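Step one of this worksheet: look at the structure below.
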Amino acid sequence: MYKNDNSHVMLKDVVNDIKDITKNPIYTNNYAYVFNGVIGGVVAVGEYQGSYVAKEIINILEGNKEEYGILPKPSGVFMFDYKQIYKYNIDTLKIPKDSTILNKPKYKLLLPKSIKITIFIVFILLISIGIYVVYKFIAERKKSTRNKQLYEKAKEREKLKTDFIVNMSHELRTPLNVILSTSKVTELKINNNDYDNKYLLEKLEQINKNSNRLLKLVNNLIDITKFELGSYELKLENLNIVEVVENIVLASVDYSTCKYIDLIFDTEEEEIITAIDEDKIERVILNLLSNAIKFTQKGGSIYVYIKRVKDEVFISVEDNGIGIPKDKINEIFNRFYQVSDTLKKHEEGSGIGLCIVEEIVNLHGGKINVYSEVNKGTKFEIILPIYTVEKNFKNLQIKDIQQIVKLEMSDVDTKEN
Ligand code: ADP
């Protein structure tokens, strides 16, 4: 086809011109138009016809056939443009089976649009159901693992509580039994006039020590409850912490000496003034010392050391006793926790001392570390911030430091062995 100026008209332009006039689908019987935006149709393809005629002639020449049939049998082949079929919403079921489909992407199917949409929806539905099932499965698994963990934790707490009650009953019963039996025997002796002062003093000392053990236990229980209620308060005073620790160590020497344990105090500084609750810090040091004495064998040694690093004070209590197994180290600060009986042997305790120690250190804004190796020893290290308070609490009470030590050391076995 030619334009007025004799130039060749492009097939695409022809198709577009027709499309400008009508919205109907355009069919063709010309092979070349199928590639230029028309639907297609029965297309006469010279190549096909030529090959048909050639085959006929070869048949005749080879004697398979006697004469020519009526000229080219295939007047054309069905050819359709895949994109145009969908553009004009042609029903694909009506397209003859042996049609040639042009422009069809490799993995696409020649199916009616409605079926394609249905397949797509079913596919999306299946994917959604799949995702939902996987999500539900994971959520259920997480839930059951969490429930299991909660259950395990509850079980563990319950066990700790039961252990605590058993332990506490034992802790209460032992000193009570000693007090009862000692007072009974003493009463008998007095009634029979069979006593002297030395005997009486010895028995009274036993009653005293065991009463202190009971008092310490009750004090600890009250403190634990106070921590739980958040009503445990510090009475901060700007004090020389070196002196406070040194005094308490010196006052404990008798208890270590009873077990032939060397108790050494050492410091890098003579004075470190910082805000502390004196009574509470004394309890912390005494608790660590009483544990060190309890868990160090005869002939061992305990080393208490203070140093200052920048604006922090480091206090360490180190012994060369039985040590704590690695897997138990994180547990010892837990309330009521005690390392297994085989290591503790005859030593007494409720398993709440270190819990209180940690709470007091935390209240002071500090932290406590523990390093230990079985049969080598244990080192507790307390790190407290150094600062002073303006509103300085003045402790006017007259303190009997020996009585305080006696109370905190009441569960240390001081019998020579
Ligand atoms: P307890 O009153 O039983 O001593 P604590 O809370 O003070 O309770 O200590 C918890 C446990 O930690 C102890 O029962 C003991 O097994 C272990 N422990 C604490 N200090 C030491 C130490 N210096 N050496 C070895 N074990 C220790």
Side-chain angles (χ1 to χ4, degrees), residues 159-161 163-175 209-210 212-224 227 248-249 252 255-256 259 261-264 280-305 315-362 368-382 405 407-414:
K159 187 182 173 306
L160 278 178
K161 269 190 183 158
D163 287 355
F164 171 69
I165 292 169
V166 173
N167 202 355
M168 218 31 93
S169 316
H170 174 76
E171 276 289 287
L172 288 169
R173 206 178 47 192
T174 313
K209 181 179 158 95
N210 283 283
N212 277 331
R213 250 178 89 174
L214 286 177
L215 191 58
K216 176 181 174 181
L217 198 66
V218 175
N219 283 346
N220 279 349
L221 285 176
I222 292 173
D223 283 352
I224 283 273
F227 286 129
I248 220 70
V249 174
S252 309
Y255 293 86
S256 60
K259 279 185 80 179
I261 291 171
D262 260 346
L263 178 55
I264 302 151
K280 308 284 182 340
I281 292 297
E282 279 173 358
R283 278 191 67 189
V284 166
I285 304 299
L286 274 171
N287 216 301
L288 297 183
L289 280 178
S290 73
N291 275 344
I293 297 174
K294 273 197 276 183
F295 300 110
T296 300
Q297 298 93 335
K298 197 172 159 183
S301 60
I302 300 167
Y303 184 64
V304 182
Y305 184 65
I315 309 165
S316 56
V317 177
E318 190 172 358
D319 64 58
N320 57 0
I322 62 170
I324 305 164
K326 272 211 163 40
D327 58 322
K328 302 286 184 332
I329 281 197
N330 290 329
E331 309 276 0
I332 57 170
F333 293 101
N334 286 347
R335 203 174 305 173
F336 318 138
Y337 187 84
Q338 293 180 305
V339 179
S340 71
D341 289 332
T342 43
L343 281 179
K344 266 169 33 83
K345 297 213 173 80
H346 311 295
E347 296 303 345
E348 305 291 347
S350 55
I352 42 182
L354 285 177
C355 168
I356 292 175
V357 165
E358 193 181 33
E359 293 276 4
I360 294 176
V361 171
N362 288 345
I368 181 163
N369 298 323
V370 54
Y371 311 92
S372 188
E373 213 175 309
V374 172
N375 293 330
K376 288 248 167 78
T378 306
K379 175 177 169 180
F380 284 92
E381 181 181 60
I382 292 165
V405 176
L407 186 67
E408 295 297 330
M409 293 284 178
S410 55
D411 53 2
V412 173
D413 186 7
T414 49

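Counting convention: from 1, in listed order, for ligands and their atoms alike. Computed from heavy atoms alone, side chains included, the values below leave out hydrogens, waters and symmetry copies. Fair warning: this is a prediction, and the values are worked out from it, not measured in the lab.
- The Phe380 neighbourhood of ligand 1 comprises atoms 20 (N), 23 (N), with distances under 4.0 Å to a heavy atom of that residue.
- Taking any N or O of Ile322, backbone or side chain, none lies under 3.5 Å from an N or O belonging to ligand 1.
- Rounded to the nearest 0.5 Å, atoms CD (Glu358) and CD1 (Ile332) are 9.0 Å apart.
- In this structure, the side chains of Glu381 and Ile368 stay at 4.5 Å or more apart for every pair of heavy atoms.
- Each of the atoms 25 (C) of ligand 1 lies under 4.0 Å from some heavy atom of Gly323.
- Of all the heavy atoms in Leu286 and Ser252, the pair that sits closest is CD2-OG, 3.6 Å.
- Near Asn291, with a cut-off below 4.0 Å to any heavy atom, the atoms of ligand 1 are 4 (O), 5 (P), 7 (O), 9 (O), 19 (C), 20 (N).
- Contacts between Leu354 and ligand 1 below 4.0 angstrom, taking non-hydrogen atoms only, involve backbone and side chain alike.
- At a heavy-atom cutoff of 4.0 Å, ligand 1 is contacted by no atom of Thr296, backbone or side chain.
- Applying the side chain to side chain donor-acceptor pair (under 3.5 Å) rule to Glu282 yields the partners Lys399; only residues at least two apart in sequence or on another chain are considered.
- For Glu331 and Asn334, the side-chain atoms include at least one donor-acceptor pair closer than 3.5 Å.
- Within the structure, ligand 1 lacks Lys328 among the residues with a heavy atom less than 4.0 angstrom away.
- At distances below 3.5 Å, not a single donor-acceptor pair connects side-chain atoms of Thr174 with backbone N or O atoms of Glu171.
- Considering both main-chain and side-chain atoms, Cys355 never comes within under 3.5 Å of ligand 1 through any nitrogen or oxygen pair.
- Contacts of Asp319 with ligand 1, taken as heavy-atom pairs under 4.0 Å, involve the side chain alone.
- When heavy-atom distances to ligand 1 are checked against a 4.0 Å cut-off, Phe333 has no atom that comes that close, whether in backbone or side chain.
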